[in-house]
Novice: 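Quick one: this structure, given as structure tokens, is what I'll be asking you about.
All ligand and atom numbering here is 1-based and tracks the order in the structure. Index from 1, following the sequence.
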Amino acid sequence: MNTITTDNRPLRLVIHGGAGAVRRDRLKPAREHAFMQVLTQSLRAGHAVLAAGGSSIDAVIAAIVIMEDSPVFNAGKGAVFSHEGYNELDASIMDGAARLAGAVAAVTTVRNPIRAAHAVMTHSQHVLLIGRGAENFAAEQALEIVEPSFFYTRRRWDQLQKAIANERITLDHDLDSDSPVENNEKHGTVGAVALDCRGNLAAGTSTGGLTNKRFGRVGDTPVIGAGTYADNQSVAVSATGTGEMFLRTAAGFNTAAQVKLQNKRICEAADHTLAEIAAIGGEGGLIVLNTQGDYAMRFNTSGMFRGVIGCDGIARVGVFSGDESLAVY
Ligand code: ASP
């Protein structure tokens with residue numbers, strides 16, 4: 001195993017697996033453990049890339065692919081269903097060094113949408129591809145294509161039936177499938193921000209969006225500057241929450257601009273963005289990372305699945321408030 005390449009340059013990877021009304025008394029230990037295990041695996045996968053001298057972009061992809069492949073998160077396998085009963089997936093990625101970006105929206109056949117977003121960034125002249133076109137492009141790029149039914153999970157299907165019965169368009173994190181959907185505000189989505197040994201930042205985000213979403217709805221996740229943003233001159237950001245409000249506040253760029261133009265500390269910038277989101281009725285969380293390796297994991301919900309790993313290679317994960325709640329699993 002390669003060692004960390006610099007003594008002075010911090011390596012850092014911060015991830016989230018969605019924010020929401022996660023209640024301690026309702027999060028069953030086995031379920032919490034499943035979440036924490038996947039978060040830990042994700043951090044280790046991304047850290048292995050960074051520790052071997054790989055790029056922040058590759059670390060972000062490695063971390064997100066683990067969460068997309070796990071049915072516990074609302075991204076890739078395990079994504080929520082649209083009203084019509086499809087899993088329509090969105091993802092985006094951004095390279096903070098050159099401010100290159102790629103994204104896909106409403107894809108139904110691409111196993112790992114974050115890889116498709118990366119292919120858009122590296123092998124097309126575009127930033128955002130949608131639907132059938134994005135799927136054809138992913139196939140041309142030899143990415144793994146699956147049947148739409150690959151994304152089916154019983155738990156998500158049942159959530160859709162509840163949401164339809166309640167006439168609700170809901171966010172994810174139905175941690176307690178016995179509870180009525182309308183009593184829990186839920187968010188899903190996975191994201192990662194990374195800093196590599198060359199001092200380059202990257203960010204990525206991937207989601208199934210909202211349960212019971214309609215009419216080709218797309219949220220903030222595949223929109224550069226809203227769900228994802230990275231610029232070496234400021235910060236890398238990945239968001240989760242009520243996408244419409246994150247779009248309306250340009251959450252990712254907004255946070256970066258406060259750091260760059262107003263010299264705000266990253267926590268302060270993230271909190272300010274979340275306050276703007278709350279002021280228009282939204283909620284969720286942001287992970288933010290700068291080129292010094294300083295990071296923030298902020299949310300205005302009761303919990304956000306999240307984790308961090310640095311030079312020591314120790315993965316720390318948690319869900320409830322307070323960084324002291326992060327633990328090693
Ligand atoms: N932001 C995502 C969306 O609106 C959902 C989430 O983060 O849970 O599509």
Novice: Against heavy atoms of Asp220, which atoms of ligand 1 measure under 4.0 Å?
Specialist: 1 (N), 2 (C), 3 (C), 4 (O)
Novice: Would you please say whether a donor-acceptor pair under 3.5 Å links the side chains of Thr205 and Ser92?
Specialist: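 Side chains of Thr205 and Ser92: no pair found under 3.5 Å.
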Novice: Could you tell me whether some N/O pair between Gly243 and ligand 1 is separated by less than 3.5 angstrom?
Specialist: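 In this structure, Gly243 places an N or O atom under 3.5 Å from an N or O of ligand 1.
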Novice: Using a 4.0 Å cutoff against the non-hydrogen atoms of Thr240, which atoms of ligand 1 qualify?
Specialist: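 Per the distance check, 6 (C), 7 (O), 8 (O).
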Novice: Using 30° and 60° as the class boundaries, would you call the ring planes of Trp157 and Tyr152 parallel, tilted or perpendicular?
Specialist: tilted
Novice: Below 4.0 Å from ligand 1: does a non-hydrogen atom of Gly241 turn up there or not?
Specialist: yes
Novice: If the cut-off is 4.0 Å to any non-hydrogen atom of Thr189, which atoms of ligand 1 fall inside it?
Specialist: 2 (C), 5 (C), 6 (C), 7 (O), 8 (O)
Novice: As a check for students: among Arg217, Lys213, His16, identify the option with a heavy atom nearest to atom 4 (O) of ligand 1.
Specialist: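 The nearest heavy atom belongs to Arg217.
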Novice: Checking Ser234 side chain against Lys260 main chain: does a donor-acceptor pair fall under 3.5 Å?
Specialist: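 Checking the backbone N and O of Lys260 against the side chain of Ser234, no donor-acceptor pair under 3.5 Å is found.
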Novice: Counting the benzene-type ring for Trp, do Tyr329 and His33 have ring centres under 6.0 Å apart?
Specialist: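 Yes, ring centres under 6.0 Å apart.
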Novice: Do Glu144 and Asn112 pair up side chain to side chain, a donor and an acceptor below 3.5 Å, judged on atom types alone?
Specialist: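 Side-chain D/A pair, Glu144 to Asn112: absent.
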Novice: Record the part of Thr221 in heavy-atom contact with ligand 1 below 4.0 Å; permitted values are side chain, backbone, both and neither.
Specialist: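 It is the side chain that touches ligand 1; the backbone stays farther off.
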Novice: Check whether Arg156 reaches the backbone of Lys77 with its side chain - one donor and one acceptor, N or O, closer than 3.5 Å.
Specialist: no
